[in-house]
Amino acid sequence: MNPLLLLGTIAIAIAGLFHIAIFMLESVLWSKPSTWRRFGVRSQEEADVVAPMAYNQGFYNLFLAAGALVGVVLIWLGSLPDAGVAVALFAAASMALAALVLLLSNRRLARAAAMQGALPLLGVILVVLSLL
C-alpha cells in the first residue's frame with residue numbers, strides 16, 4: 001500500500017473513532033453533568049433543553065464515523081478500494097467542513113473545531129496526494 005494512503009487512512013480511522021466518542025457523549029452520556037459541562041452547558045435545566053439537539057447531533061457524528069471506517073476497511077481489505085476511497089474521503093471531508101462551520105459559528109470554539117477537524121483534514125490531504 002502506498003505510504004501516503006496508509007497514513008491518510010490511519011488519520012481517517014482515528015477521526016472516525018473520535019467521532020464515535022463524541023456520539024457517546026452527545027447521545028448516550030448526555031444526562032451526566034460531567035458530560036454536558038464539557039460542552040459549556042451550565043445547568044441541568046439548560047442540559048434538558050439541549051438534550052434533543054445533542055442526541056441528534058451525536059447520531060450525525062456516528063454516521064460520519066461509520067462512513068469513514070467503512071471506507072477505510074474497504075481500502076485496507078482491497079475488496080473495493082475505489083469505493084472505499086470515495087466513501088472515506090466524503091466522510092472525512094464532511095467532518096473537516098463541519099469543523100470549519102463550528103469555527104465560523106463561534107471563534108471561541110476553535111479548540112473544539114481543531115479537535116474535530118484536524119485529523120480528517122490531514123487524512124483527506126494524504127489520501128488525495130496518494131492518488132496523484
Asks: Other than Leu102, which residues form its hydrophobic cluster under the rule that side-chain heavy atoms must be closer than 4.5 Å?
Replies: Leu109

Asks: Calculate, to the nearest 0.5 Å, the distance between atoms CG and CD belonging to Asn56 and Glu26 respectively.
Replies: 9.5 Å

Asks: For the hydrophobic clusters of this structure (ILVMFWY residues joined by side-chain heavy atoms under 4.5 Å, transitively), does one cluster hold both Phe59 and Met53?
Replies: yes

Asks: Give the cluster check for Leu126 versus Leu97: same hydrophobic cluster or not, with ILVMFWY residues linked at side-chain heavy-atom distances below 4.5 Å.
Replies: no

Asks: For the OG atom of Ser130 and the CD1 atom of Ile125, what is their distance to the nearest 0.5 Å?
Replies: 12.5 Å

Asks: Grouping I, L, V, M, F, W and Y whenever their side-chain heavy atoms are under 4.5 Å apart, do Leu25 and Met115 come out in a common cluster?
Replies: yes

Asks: Which one of Asn2, Leu4, Val124 satisfies the side chain to side chain contact (heavy atoms under 4.5 Å, CB included) criterion with Leu129?
Replies: Leu4

Asks: Find the distance between OH (Tyr55) and OH (Tyr60) and round it off to the nearest 0.5 Å.
Replies: 14.0 Å

Asks: State plainly whether one hydrophobic cluster holds both Leu122 and Leu100, where clusters connect Ile, Leu, Val, Met, Phe, Trp and Tyr through side-chain heavy atoms under 4.5 angstrom apart.
Replies: no

Asks: Measure the shortest side-chain to side-chain distance between Leu119 and Ile12 over non-hydrogen atoms and say whether it is less than 4.5 angstrom.
Replies: no

Asks: Run the side chain to side chain contact (heavy atoms under 4.5 Å, CB included) test against Asp48 and tell me which residues pass, sequence neighbours left out.
Replies: Gln44

Asks: Taking all heavy atoms of Pro120 and all of Ala92, pick out the closest pair and write down the distance.
Replies: CB-O, 3.3 Å

Asks: Between Asn61 and Ile20, is there a side-chain heavy-atom distance shorter than 4.5 Å?
Replies: no

Asks: How far apart are the closest heavy atoms of Gln116 and His19, and which atoms are they?
Replies: O-CE1, 3.5 Å

Asks: Residues two or more places apart in sequence or in another chain: which of them pass side chain to side chain contact (heavy atoms under 4.5 Å, CB included) with Arg108?
Replies: Asn106

Asks: Counting only pairs under 3.5 Å, give me each side-chain donor-acceptor contact of residues 64-82, with atom names and distances, residues two or more places apart or in other chains.
Replies:
unit_1	atom_1	unit_2	atom_2	d
Trp76	NE1	Thr9	OG1	2.8

Asks: Going by ring-ring contact (aromatic ring centres under 6.0 Å, His included), name the residues that satisfy it together with Phe18, two or more places apart in sequence or in a different chain.
Replies: none

Asks: Could you list the donor-acceptor pairs under 3.5 angstrom formed by side chains in residues 30-41, with sequence neighbours left out?
Replies:
unit_1	atom_1	unit_2	atom_2	d
Trp30	NE1	Ala47	O	3.0
Thr35	OG1	Leu29	O	3.0

Asks: To check you understand the geometry: which heavy-atom pair defines the closest contact between Ala54 and Ser27, and what is its length?
Replies: O-OG, 3.9 Å

Asks: Is it possible for you to say whether Val85 and Ile14 belong to one hydrophobic cluster, with membership spreading through side-chain heavy-atom contacts below 4.5 Å?
Replies: yes

